[in-house]
Amino acid sequence: MPKESTYTAKLPDDNGTYPYTAEEDAIWSELYARQIALLADKACDEYLAGVKTLGLDAPRVPQLRDVDQRLKRATGFGVEGVPALIAPSKFFQLLSEGKFPLATFIRRREHIDYIEEPDIFHEVFGHCPLLTNAAYARFVRRFGENAVALGKDYSWHLFRIFWFTVEFGLINTEKGRRCYGAGIVSSPNETRAAMVEKACEFRPFDLMTVLRTPYRIDIVQPIYYVIDSFADLDAINDQDIGAAIREARVLGDFPPAFAAKAS
């Protein structure tokens, strides 16, 4: 079961509009302005193009219906408002239907630099731009379909694939290595760690290696996996993921590249 959220989901009015306060718009504006400037030479071109396609800008929190309409025009993908934390089965089901689960609240100012649970800035600014890219959107949807077919006994390892691609993935480009994962592009600390400071390990993406790599959600990542193209990313779905997970269980996890979380 997902742990209890410290935030309450926003609910739309009768016209489908989510009510955000002036302070919440100001938080979005500050987050957007500083992060889009930081990403100019660090995010992949497909991500930056997606920001423009979605019409994201600084003045206010975007409305779910606008993001949904623009995504559907681009690739047929959409979004659906959900509470901050949902069960893995619901998460994967929505992905399989071509709907990205979108938390509708925005972080409070005391959490402006880091929030452990996903908010609308992470969801829209982090995840949605790349869903305008056909190959990437196809990967996410097919990944959801595979996850639904495999069932809950495989969820733990499936989230490792998701973590090291959709959340914290890097891609090789003609301009050099660039970030695309939502956890990197939506976090200044993570962006600098992966793209500036580089006090971390970069590994070429390999499904079996990823399946055996543990991670922590509450630290800057010590390991990033790098793909060569979004077509290569979608090719993960052509593999027998279930068999790979079963093999990974037999082989066991690699030693963690981080300290254990204090209890």
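Because the structure is a prediction, the values reported are computed rather than measured.
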Handout entry: Lys/Arg cation over aromatic Tyr154: Arg246, 6.0 Å, 45° cone
Key =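 No, Arg246 and Tyr154 do not form such a contact.
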Checking the side chain of [X] only, and the main-chain atoms of [Y] only, is there a donor and an acceptor separated by less than 3.5 Å?
X      : Y      : result
Tyr7   : Arg108 : yes
Arg216 : Ala259 : yes
Arg65  : Gly16  : yes
Thr17  : Asp13  : no
Ser29  : Ala58  : yes
Asp25  : Val61  : yes
Glu190 : Gly183 : no
Tyr215 : Pro222 : no
Ser96  : Glu145 : no
Lys10  : Pro19  : yes

In plain terms, say whether [X] and [Y] are close enough for a salt bridge, that is, a side-chain N and a carboxylate O under 4.0 Å apart.
X      : Y      : answer
Arg160 : Asp253 : yes
Arg60  : Glu24  : no
Asp41  : Arg178 : no
Arg34  : Asp113 : yes
Lys72  : Asp68  : yes

Exercise for the section: For the pair Val185 and Tyr180, evaluate side-chain contact (heavy atoms from CB on, under 4.5 Å) and give the outcome as yes or no after the intermediate values. Expected result: CA-CA 7 Å; Val185 299; Tyr180 72 88; 5.7 Å; no
Problem - Residues in side-chain hydrogen bond (donor to acceptor under 3.5 Å, both in side chains) contact with Ser229, at least two apart in sequence or another chain - result: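 Applying side-chain hydrogen bond (donor to acceptor under 3.5 Å, both in side chains) to Ser229 gives Asp232.
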Practice task
Go through the steps to decide whether Tyr225 and Thr213 satisfy the test side-chain hydrogen bond (donor to acceptor under 3.5 Å, both in side chains), and finish with yes or no.
Solution key: CA-CA 10 Å; Tyr225 284 91; Thr213 305; 2.7 Å; yes
Handout entry: Partner residues of Phe121 under the ring-ring contact (aromatic ring centres under 6.0 Å, His included) criterion, sequence neighbours left out
Key = Trp28, Phe125
Practice task
Using only heavy-atom distances, determine whether the side chains of Thr132 and Glu46 contain a donor-acceptor pair under 3.5 Å.
Solution key: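 Thr132 vs Glu46: no donor-acceptor pair found between side chains.
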Handout entry: Side-chain H-bond candidate by donor/acceptor type, Glu116 with His111, under 3.5 Å
Key = no
Practice task
Not counting sequence neighbours, list each pair that qualifies as a salt bridge (charged side-chain N to carboxylate O under 4.0 Å, His left out) and has a residue in residues 93-107.
Solution key: Glu80-Lys99, Glu97-Lys99, Arg107-Asp119
Exercise for the section: Name the orientation class of the two ring planes belonging to Phe91 and Phe162 (parallel below 30°, tilted from 30 to 60°, perpendicular beyond 60°). Expected result: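 Aromatic pair Phe91/Phe162 classed perpendicular.
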Exercise for the section: Answer yes or no: does atom CZ of Arg203 have more than 12 heavy-atom neighbours from other residues, nucleotides or ligands under 6.0 Å? Expected result: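 Yes, because the 6.0 Å sphere around CZ of Arg203 holds more than 12 heavy atoms from other groups.
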Exercise for the section: Output, in order, the C-alpha distance, side-chain angles, deciding distance and verdict of side-chain hydrogen bond (donor to acceptor under 3.5 Å, both in side chains) for Gln35 and Thr191. Expected result: CA-CA 9 Å; Gln35 198 62 12; Thr191 302; 3.0 Å; yes
